[in-house]
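In what follows, a single structure is set out as structure tokens and then discussed.
Remember, it's 1-based here, ligands and their atoms both numbered in the order they're listed.
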Amino acid sequence: MLFDSFQDWISEIEKTGQMLHRPVLEYEITQKNKKEDEIWEGLERAWKVMKEAVETGLHSDMRSRSGMVNNSGKKVANSGIHVLSAEFSMLVSSALAAKEVNSCMGRVVAAPTAGASGILPGVLTTAQKIHGFSDQEILEGLLVASGIALIIERNASLAGAVGGCQAETGSAACMASGALVYMLGGSPVQVFNAVGIVIQCMLGLICDPVAGLVEVPCIVRNASAAAIAFSAAQMALSEVDSVIPVDECVQALGEVGQNMSTMYKETAMGGLAATSTGKAIAKRVLIQDIEILPDEGNQDQNLG
Ligand code: SF4
């Protein structure tokens, strides 16, 4: 294991004087039994897939068979009504777009899960456009994001089925926010404050996918989690303190997840999935699935 806690990570870099991403890189080298170059190449491939997911979502037709996914990234990108600044709008549309690629069975990086796969691409591509980060700086940010995920996984969870959506989109937002603070030159304390603030904003969020498909509310939650990641990064870099130390925030995340009813852990039995519209969609999707299954007669014909 890399570190048991964020406190351990800080203590290590205080002792060694290393950059925050460096112990994660060394852990990856040992864990995967690979050379440093190979780890960087793997990160580069992941970053390329993230960028492609945003581009695909913004420029291809994103409609799912259920009908619940319908080009929301493009709709925001091309909207004639401007509630948000151009940069904020880019963040929201990019996160929506990348997550829609996942819901339409395209290629994404599950960082940390497929359900939350729009958050890091949305945050990092937007941040690169705004701040002009080099790809190398992004890769170092991805290492910090990975370290954050490993600690949350160890002490709470990264999966909606175990800890609710707070664990899934919440963890992705923690990773993205911490990476962003790091890339912007924030101190380790500021990086971890951003993580603590994100957890405080997302604590208690349930997992309630309509029809059991990772589409609604998952896609819009990716966009809102990306927005929380940005705002938490701004707060942390402005010296706003999470007050509750990040490791205690993670403990709270785990405790809330453990006590959350199974209705709200990807079972599609509660929340939005259990609304009358949610149930009607589930029924329609089930009928569609039955209709596309080959019947026995056809199977016999094919075999015969
Ligand atoms: S609602 Fe559940 S399935 Fe959807 S993103 Fe959140 S955790 Fe994942």
Side-chain angles (χ1 to χ4, degrees), residues 50 53-54 57 62 64-70 72-73 91-123 145 148-149 152-153 155-177 198-229 232 250 252-275 277-279 281-282 285-286:
M50 287 186 186
V54 172
M62 288 290 121
S64 65
R65 216 162 52 79
S66 73
M68 289 192 286
V69 181
N70 188 1
S72 46
L91 172 69
V92 170
S93 60
S94 303
L96 289 170
K99 175 65 190 82
E100 283 180 325
V101 169
N102 163 248
S103 295
C104 294
M105 304 298 158
R107 199 156 74 119
V108 293
V109 179
T113 61
S117 58
I119 297 163
L120 274 160
V123 167
I148 291 168
I152 296 176
E153 186 185 31
N155 295 287
S157 167
L158 300 173
V162 178
C165 202
Q166 55 161 10
E168 194 161 303
T169 57
S171 296
C174 288
M175 295 164 70
S177 194
V198 169
I199 293 174
Q200 292 180 15
C201 294
M202 300 194 69
L203 204 59
L205 190 62
I206 60 170
C207 171
D208 51 351
V210 170
L213 300 171
V214 190
E215 299 183 1
V216 172
C218 318
I219 293 170
V220 294
R221 280 192 190 157
N222 272 251
S224 61
I228 288 173
V250 174
L253 184 75
E255 179 219 302
V256 171
Q258 268 177 10
N259 290 299
M260 198 179 271
S261 161
T262 52
M263 282 171 72
Y264 306 127
K265 291 184 181 177
E266 219 171 313
T267 53
M269 289 167 65
L272 297 168
T275 59
T277 301
K279 285 185 197 160
I281 293 170
V285 167
L286 184 65

Distance below 2.8 Å from atom 4 (Fe) of ligand 1: protein N/O/S atoms
C218 SG
Hey, can you pull the donor-acceptor pairs under 3.5 Å for the side chains in residues 107-119, sequence neighbours left out?
from	atom 1	to	atom 2	distance (Å)
T113	OG1	A116	N	3.3
T113	OG1	E168	OE2	3.3
S117	OG	A114	O	2.7

Among residues two or more places apart or on two chains, list those pairs meeting salt bridge (Lys or Arg N to Asp or Glu O under 4.0 Å) that have a residue in residues 255-268.
none
Whether N102 side chain and A98 backbone form a donor-acceptor pair below 3.5 Å
no
For L272, give me all partners under side chain to side chain contact (heavy atoms under 4.5 Å, CB included), at least two apart in sequence or on another chain.
D208, V210, P217, R221
Without hydrogens or angle criteria, can the side chains of K99 and S103 be said to hold a donor-acceptor pair below 3.5 Å?
yes
Any side-chain donor near an acceptor of the partner, T275 and T277, under 3.5 Å
no
